[in-house]
Novice: 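Dumping the structure here so I can ask a few things about it.
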Amino acid sequence: MRIRFGECTFDAVRREIRRGAGIVHLSPRAFDLLLLLVERRPRALSKDELLRVLWPDAFVTEASLAGLVSEIRRELCDDAREPRYLRTVHGFGYAFSDGTVRAADEDGVFRLVWGLREVSLAEGENLLGRDPAAAVPIDDATVSRHHARIVIHAGDAVLEDLGSKNGTWLGGSRIASSVPLADGDEIRVGPAALTFRSFTSGGSTATVLD
C-alpha cells in the first residue's frame, strides 16, 4: 500500500514516510500505529484494541498510546486541536481522517530508462551516483558518489546537480540549478544516458473499433 495525504507519502511496504523530499522519522511502534489507523480508515479504533495489537505481550497504560499519537502528530506536523490526519475520538480511541487520502500514483508514474534497464522513481529524493545505495547506481570513475538527484513531489519532477565534479547534463546542456523534467527528457550523468519518462495514471481506457 502506498498512499498520499497532504504533503506526505506513506509506503507500507518500504515502511517509509516522506514529507516533500524529506524522510519522516517515526519509531517502529509509532509507524505500526499509523499503519493500523491508515489500513482501517475511516473506522475509529478503540484504545483497548490498539493496546492489544501494539503491545500483545505486555501491560501498558493509555499514556504509552498517547505518547505514540503525539509522536506521529509532531512528525507529520499535525495539530491535535485542528487535526488533518489523526483524529481523537474522545472517550473511545483514534481514527485516521481519510478526507485527503489518495493513491500515490494518482499524480503520475515516473521512470528512468537506461539502455535495457527501467528504474521506477519514488516520491521524494532519487539519488543518481556511484554510491551503491543510490536509486540509480552508476559505477564509473567520472561519476561522483552523490552526483545528482531527481526529486518527485506532488506530481512534479525536478533534476538537481549535487555539486558533482563533471556535471549533470539535460538535453545537451549542463545544468546549474534545479530544472523541471518533462516526459522524454534526456539526462546524462558521466557515461550514462538516461531517458526520463512520465506516465499519467487514471482516465478511461480507449476503445478500439474494427
Side-chain angles (χ1 to χ4, degrees), residues 1-45 49-50 53-55 65 67-79 83-87 94-114 117-129 131-138 146 148-160 162 178 180-181 183 187 194 196-203:
M1 177 181 61
R2 188 165 173 265
I3 62 169
R4 284 181 57 84
F5 50 90
E7 65 273 23
C8 299
T9 301
F10 180 91
D11 191 326
V13 174
R14 297 173 66 176
R15 288 186 66 87
E16 180 180 87
I17 306 170
R18 288 180 176 270
R19 189 172 64 247
I23 296 288
V24 174
H25 297 286
L26 288 181
S27 65
R29 193 160 271 133
F31 188 95
D32 289 341
L33 170 58
L34 182 58
L35 176 60
L36 273 172
L37 295 172
V38 166
E39 285 182 332
R40 302 183 192 184
R41 68 186 191 279
R43 183 166 73 88
L45 302 183
E49 181 179 358
L50 292 170
V53 174
L54 294 170
W55 288 277
L65 182 60
L68 296 183
V69 170
S70 296
E71 178 186 347
I72 293 170
R73 284 176 171 154
R74 181 180 66 251
E75 296 301 323
L76 296 184
C77 297
D78 204 12
D79 189 339
R84 292 185 295 165
Y85 312 130
L86 208 57
R87 179 170 61 90
Y94 301 96
F96 189 86
S97 180
D98 67 345
T100 64
V101 171
R102 63 190 187 276
D105 62 359
E106 285 184 5
D107 292 325
V109 177
F110 303 97
R111 298 190 179 100
L112 279 181
V113 179
W114 179 12
R117 295 177 57 191
E118 193 167 303
V119 180
S120 295
L121 301 175
E123 182 78 10
E125 180 182 270
N126 297 268
L127 182 65
L128 287 66
D131 190 334
V136 184
I138 304 169
H146 294 180
R149 68 178 184 174
I150 295 174
V151 179
I152 308 293
H153 178 56
D156 295 318
V158 296
L159 174 66
E160 301 175 358
L162 298 177
S178 298
L181 289 171
D183 184 46
I187 302 167
L194 312 160
F196 176 77
R197 298 305 316 275
S198 171
F199 304 92
T200 302
S201 61

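Below, each value reflects all heavy atoms present in this structure, side chains not excepted, and no hydrogens, waters or symmetry copies. Not measured: the values here are computed from a predicted model.
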Novice: Distance check, rounded to the nearest 0.5 Å: L50 atom CG versus L45 atom CG?
Specialist: 5.0 Å

Novice: For the pair R41 (side chain) and V38 (backbone), establish whether a donor and an acceptor sit closer than 3.5 Å, ignoring hydrogens and angles.
Specialist: yes

Novice: Hey, would you say the Y85 and Y94 ring centroids sit under 6.0 Å apart?
Specialist: no

Novice: How close do R43 and A95 get, heavy atom to heavy atom, and via which atoms?
Specialist: O-CB, 4.1 Å

Novice: In Å and rounded to the nearest 0.5 Å, what is the CG to CD1 distance from L26 to I17?
Specialist: 4.0 Å

Novice: So which heavy atom on R149 is nearest to which on E125, and how close?
Specialist: NH1-OE1, 2.6 Å

Novice: Are D32 and R15 within salt-bridge range, i.e. N to O under 4.0 Å?
Specialist: yes

Novice: I need the minimum non-hydrogen distance between L37 and F96, along with the two atoms involved.
Specialist: O-CB, 3.5 Å

Novice: Would a distance-only check, ignoring hydrogens and angles, find a side-chain to backbone donor-acceptor pair under 3.5 Å from N126 to G124?
Specialist: yes

Novice: Using modelled atom types and a 3.5 Å cut-off, is there a donor and acceptor pairing between side-chain atoms of E71 and backbone atoms of A30?
Specialist: no

Novice: Hey, could you give me the OG/CG distance between S70 and L65, rounded to the nearest 0.5 Å?
Specialist: 9.5 Å

Novice: So, R29 side chain and L54 main chain: donor-acceptor pair closer than 3.5 Å or not?
Specialist: yes

Novice: Examine distances only and state if a side-chain atom of D78 and a backbone atom of R84 form a donor-acceptor pair shorter than 3.5 Å.
Specialist: yes

Novice: I need the single residue from I187, I152, V158 that forms a side-chain contact (heavy atoms from CB on, under 4.5 Å) with L181. Which is it?
Specialist: I187

Novice: To the nearest 0.5 Å, what is the distance between CZ on R18 and CZ on F10?
Specialist: 14.0 Å

Novice: Could you pull out the closest heavy-atom pair between W114 and P137, with the gap in Å?
Specialist: CZ3-O, 3.6 Å

Novice: How long is the gap from CZ on F31 to CG on L68, to the nearest 0.5 Å?
Specialist: 13.5 Å

Novice: Which atoms form the tightest heavy-atom contact between L162 and H146, and what is the distance?
Specialist: CB-O, 3.4 Å

Novice: Quick one: pull up CG in L121 and CG in L128 and give me the separation to the nearest 0.5 Å.
Specialist: 8.0 Å

Novice: Can you name the closest pair of heavy atoms from R117 and V119 and give their distance?
Specialist: NH2-CG2, 4.0 Å

